[in-house]
Amino acid sequence: MVIKNYDYLNIEKKWQQKWFDAKINIASRKKQKKFFIHFAYPGVSGYLHVGHMRGFTYCDIISRYKRMKGYDVLFPAGFHASGIPSVGFAKKVERNDKETIELLKKNGCTDDFIKKLVDPKKVVNYFSGVYVNNYWKKFGFFIDYTRLMNTISEGYKRFIEWQFHKLNEKNLLVQKPHFAPFCPNCGPVAVDKSETDVSKGGSAEILDFTIIKFKLKDGTILPAATLRPETIFGVTNMWVHPDIEYQKVKINNEVWICSKECIEKLTYQFETVEILMEKIPGKELIGKTCVVPEINRDVPILSGVFADPTIATGIVMSVPAHAPYDWIALVESKKEIQPIKIIDVKGFGNNPAKEACDQLNITSQTETKKLDEATDIVYKKEFHTGVLNDNTGKYSGLQISEIKDAVKNDLISKKLAATMKEFSEDVICRCKEKVVIKRIPDQWFIKYSDEALTRKSKDYAETMNIFPQEYKSEIPKILDWFDDRAAIRKGSWLGTPFPFKKDWIIEPISDSTLYPAYYILSNYVNQGKISAKEMTDKFFDYIFLGLGTAKNKIWENIKVDFDYWYPVDINLGGKEHKTVHFPVYVMNHVAILPREKRPKGLFVHWWVTQQGREKISKSKGGAEPILEAATTYGVDAMRLYYAHVGSPFVDVEWNSDIVTKYKNRIANIWKLIQQLSGKEDAANENLDNWLISTLNRRIQKIDDAFENYDLRVASNEIFYECQKDIQWYMKRRGGNKKLIEKFISTWITLMTPVTPHLAEELWHQNNDSFISNETYPKFKPNEISEKDEVGEYLLSEVTDDVNEILKVTKITPKKIHIYVSPAWKREIFRKALEMADENRLNIGLIMKDIMSDPNKKAIVKEVSQFVGKLPGEIKKLSDSDRNRYLVTLKEADFLENAKDYLKKVFSCDIEVYSADDKDIYDPAYKVRFAIPLRPAIYIE
RNA sequence: GCAGGGGUAGCCAAGCUAGGUCAACGGCGACAGACUCAAGAUCUGUUCCUGUAGAGGUUCGAGAGUUCAAAUCUCUUCCCCUGCACCA
């Protein structure tokens, strides 16, 4: 294999060692020009996978580019240790989870060591080390490792306390009731797709049922739960299950009848719940009547087997005109009850529910799948286009979408209804207990709904650099939508204790909003220059807000650092942060820090997924482990892969074949550069100028791309286009030694941010310094040679045309005759272009002008034909085409010089003529087709 | 529910904000040739259809519209996907 020529494993190791020994990754103030970039720090939850490296790699590439552009770069990193991930991991170790233990062993952990990982803090320490040594350093990242920090250190906790004191001063902390998932055994649990806490139901949604209080004759309440409170106007009857035993319960001095399952749930959601022992079989209720609140209509209670005791209250109100389930049950009950239509909606007649059932051929309550579908159809249609009709009193004429909450709130305020939260599916805790939703009466929130804060944040976001553009336009809407966030929780989670309520801990999103500021002082903390004890509110006030005075020199230094580095120029994170971390990051900065310290840019990248678009999941093992991949493909190959495989703003599927291609390309470039050689005296003016000119165009494009963080375009130019250029040069028999050397050194400098190890290795074949410290190539306008660019363009056009002719005619050429345009055509063309530029293209004028030349009289017919086509041609030209025609190039001379090349390519004789010459060989009279930059061709 | 993203040739994926340079960048795959004992790698060419002279035809989810001109703008429609609600 060719690869063995390029020993990437040792080369990577060697340069990493030298870089870090030389400490070139450590940020310092020198150049009066700074760039602060960081990625959203990872949670500490286990081994990472190749997907995570995408964003990290972007950061390193950008930071390396910036340092080569003359910036002091601060690229710190840390660990988000708060919350449950590490606790979850420790729990897995504790319960001897087979997969987890195996994974640890596979990664070289001993049994003794594994035992220690039942402590979440040990988990944090262990994985922090893994991330740094096995991932980040292995990838050559110029992270300033002296600033590593995590969110459960004492210093960080002081910092978060300070932050919450500030929020409180600004009245951005509020207390109100909240509903949250809760396990009766384990306390608060997280219901999320990765299922850290739960063994089932990770993707459950929390539904908000309205409980409408229907009154029985004796005053007890039959609470019907619904997601569509506005349909109360269409209620014709009630459904209870005939075979279920309902039970009485006293809630805030009212007696309710509902299912046992419901009572269990209610105890978590209402303040005073007194379970009464009296049981009532469903059968007993059937046949009675009750009163619809607000409307005061008497309706019968009927038997409905679809009334599920596990869903909400187990009591269902019946709206047969709009609910397919109710309609079918009514039909089956054979009762003479007229549906009441309350919503007019396009596409439906007098009974939408019936029509939907008919459409799907539903005949029984047991056809739940079809019924769900029918319900969905009716509901969606009614929600978006439905209008309430005269049966709905004061709501008549209004749209469902605008009225929904109004009906509900109205009923609640009149005490005719209540609400109840419920999961859309069963959620089972790791301990096998059923997870419920519990009301927390006095939860603390960060008040992100605050109008002034929202407005200021939106205004500020307007001024930020946000990538991609789509996210920039999305973010004001997100800020509007972003509601108060429950900021603390109770339970065994890692994090900072909440200063205003004992035993509660600040939750992980809320403790990660201002954190880049902490990177400014984490190196001082790590070096023991300042202790957590010293980090009081006064300290942070002084450093971050400039309030008060410095207690000592260290404080002063930190403050200078803060003022130098802050704000953050780019915060880079995956798309999962779009509606979570980034909004609070912006809002907290706006709330607490002055304008000049607020973040300047956001960069959101999408994911690397498994094949089939499945998210690579940490908990499920994921795709290739990082170390393994780094060994298989090489780090530079992976860096190039991330940068080049797709736009940062789409998900890419991990595919080892494709990564292998990048590996080959790296080896290939390495090999190519070894082989490139030239001679001292092999200059070829046209071709050499072309190479220099083209290289400068590349530099310009690459630099533009990097400035816009378009790593894909930049790396495409560097690793593909530049290679094509030098190969074209060689193919065209270029051989200028000095020039080739210059090209190579520029080329590898261009590569450095993306494939630093490769670049460093190549650079050191001729240099002693680190290429990582070199200045990035600059575009030099004076090295542009349009003439030679046009020449090569002409040559490629001619080659293409000849190929096309050969393809169609299938002849084997013996000799190719090329006729370049006559001078007069060129003149006219230029004239026409100039006129078109000034918007006064006039054919008549051109003709007249030409005909004033007596020499042209003889070819008047040809001239008029040519001129006639001009306006159409010119209209079609792009700017770059247009410029090409304005350059003066002696086409015949140029092609004459390139004859050897053409001979070689087509393996036959080549003859070049100018149409202006006399007595040219042209048996097929092709010469008349010759136009500027498009010579006529005749092949024998 | 709320907020958003997307449908481009066999596949992945640019382009779409500023309509013409777009038969549509690039990569992968496929085919042919070169190199090689061979495989791999690499290099060259082809890869929507038609075509014995550099051309023409039909394409960018579907339908309609604006325009001299639309993958790009507008409207309608179908289909996928993501985020959020004490995971981070």
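Reminder, nothing fancy here: chain letters follow the sequence lines and each chain counts from 1.
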Item to complete: May I have the distance from K807(A) (atom NZ) to rU52(B) (atom C1'), rounded to whole angstrom?
Response: 13 Å

Worksheet entry | Who pairs with rU21(B) - Watson-Crick or G-U, where each distance is under 3.5 Å | none

Worksheet item: Using a cut-off of 4.0 Å on non-hydrogen atoms, how would the nucleic acid contact of G646(A) be classed: base, sugar-phosphate, or nothing?
Response: nothing

Worksheet item: How would you label the contact of H581(A) with the nucleic acid (heavy atoms, under 4.0 Å): base, sugar-phosphate, or nothing?
Response: nothing

Worksheet item: Is a side-chain donor-acceptor pair under 3.5 Å present for S512(A) with Y41(A)?
Response: yes

Response to the item:
Scanning all shown strands, the Watson-Crick or wobble mate of rU82(B) with both distances under 3.5 Å is rA3(B)

Worksheet item: Counting side-chain heavy atoms from CB outward, which of rA13(B), rA53(B), rU44(B) is closest to V808(A)?
Response: rA53(B)

Worksheet item: Base, sugar-phosphate alone, or nothing: which one does V191(A) contact when heavy atoms must sit under 4.0 Å apart?
Response: sugar-phosphate

Worksheet entry | Nucleotide nearest N716(A) (side chain, heavy atoms from C-beta), chosen from rG26(B), rU44(B), rA14(B) | rG26(B)

Worksheet item: Starting at CG of N664(A) and ending at P of rC43(B), how long is that distance when rounded to a whole Å?
Response: 10 Å

Practice prompt. Could you tell me whether S512(A) contacts a base, only the sugar-phosphate backbone, or nothing, with contacts defined as non-hydrogen atoms closer than 4.0 Å?
Written response: nothing

Discussion item. Once side chain to side chain donor-acceptor pair (under 3.5 Å) is applied, do any residues pair with K447(A), and if so which ones, sequence neighbours excluded?
Written reply: none

Worksheet entry | Whole-Å P distance, rG1(B) and rA71(B) | 35 Å

Fill in: Given rA85(B), rG83(B), rG54(B), the nucleotide with the shortest approach to the side chain of I206(A)
rA85(B)

Worksheet item: Is the backbone of D922(A) close enough, under 3.5 Å, to the side chain of H817(A) for a donor and an acceptor to pair up by distance?
Response: no

Response to the item:
Judged by nearest nucleotide, the residue sitting upstream toward the 5' end of RNA chain B, I805(A) or S82(A), is I805(A)

Worksheet item: Can you tell me if NZ on K701(A) sees more than 12 non-hydrogen neighbours from other groups inside 6.0 Å?
Response: no

Practice prompt. Looking at every strand, decide which applies to A487(A) at a 4.0 Å heavy-atom threshold: base, sugar-phosphate, or nothing.
Written response: nothing

Worksheet item: Checking all strands, does Y938(A) fall into the base, sugar-phosphate, or nothing category for heavy-atom contacts under 4.0 angstrom?
Response: base

Discussion item. Return the pairing partner of rG29(B) with a 3.5 Å limit on both distances, Watson-Crick or G-U wobble; otherwise return none.
Written reply: rU47(B)

Response to the item:
Taken in chain and number order and not counting sequence neighbours, the residues that satisfy side chain to side chain contact (heavy atoms under 4.5 Å, CB included) with I505(A) are none

Item to complete: Measure from the side-chain heavy atoms of E507(A) and tell me the nearest of rA88(B), rA53(B), rA14(B).
Response: rA88(B)

Worksheet item: Any idea which of rU46(B), rC43(B), rA41(B) is nearest the Q727(A) side chain?
Response: rC43(B)

Discussion item. Does A180(A) reach a base, just sugar-phosphate, or nothing at all? Heavy atoms under 4.0 Å.
Written reply: base

Discussion item. Measuring to OP1 and OP2 of rA14(B), would you say a side-chain N or O of S647(A) lies under 4.0 angstrom away?
Written reply: yes

Look for any protein N or O under 3.5 Å of an N or O in nucleotides 27-35 of chain B and output each such pair with its distance, or none.
from: rG29(B); atom 1: OP1; to: K661(A); atom 2: NZ; distance (Å): 3.3

Fill in: Residues which pass ring pair (Phe, Tyr, Trp, His ring centres under 6.0 Å) with F719(A), listed by chain and number, not counting sequence neighbours
none

Discussion item. Quick check for you: among rA85(B), rA88(B), rC43(B), whose closest atom lies nearest to any side-chain atom of Q723(A)?
Written reply: rC43(B)

Practice prompt. Tell me what E474(A) touches on the nucleic acid: a base, only sugar-phosphate, or nothing, going by heavy atoms under 4.0 Å.
Written response: sugar-phosphate

Worksheet entry | Protein-nucleotide distance (D511(A), atom CG; rA88(B), atom C1'), rounded to Å | 11 Å

Fill in: side-chain N/O R485(A) vs rA88(B) OP1/OP2, d < 4.0 Å
no

Item to complete: Sorted by first residue and then second, give each salt bridge (charged side-chain N to carboxylate O under 4.0 Å, His left out) pair with at least one member in residues 78-87 of chain A; sequence neighbours left out.
Response: none

Discussion item. Holding to ring pair (Phe, Tyr, Trp, His ring centres under 6.0 Å), I want the full list of residues that pass it with W504(A), two or more places apart in sequence or in another chain.
Written reply: none

Practice prompt. Give a yes/no answer on whether the side chain of N668(A) brings an N or O atom under 4.0 Å of OP1 or OP2 in rC43(B).
Written response: yes

Fill in: Partner nucleotide, any strand, of rA62(B) [Watson-Crick/G-U, under 3.5 Å]
rU76(B)

Worksheet item: What does I939(A) touch in the nucleic acid at a heavy-atom separation under 4.0 angstrom: a base, only the sugar-phosphate, or nothing?
Response: base

Worksheet item: How is P935(A) classified with respect to the nucleic acid when contacts are heavy atoms under 4.0 Å: base, sugar-phosphate, or nothing?
Response: base

Worksheet item: For rA34(B), what is the paired nucleotide under Watson-Crick or G-U wobble rules, both distances under 3.5 Å?
Response: rU42(B)

Worksheet item: To the side chain of K731(A), which of rG54(B), rU44(B), rA53(B) is closest?
Response: rU44(B)

Item to complete: Measure from the ring center of F127(A) to the ring center of Y47(A) and say whether it is less than 6.0 Å.
Response: yes

Worksheet entry | Under 3.5 Å donor-acceptor, Y156(A) side chain and D511(A) backbone | yes

Worksheet item: At under 4.0 Å between heavy atoms, what does P508(A) touch on the DNA or RNA strands: base, sugar-phosphate, or nothing?
Response: sugar-phosphate

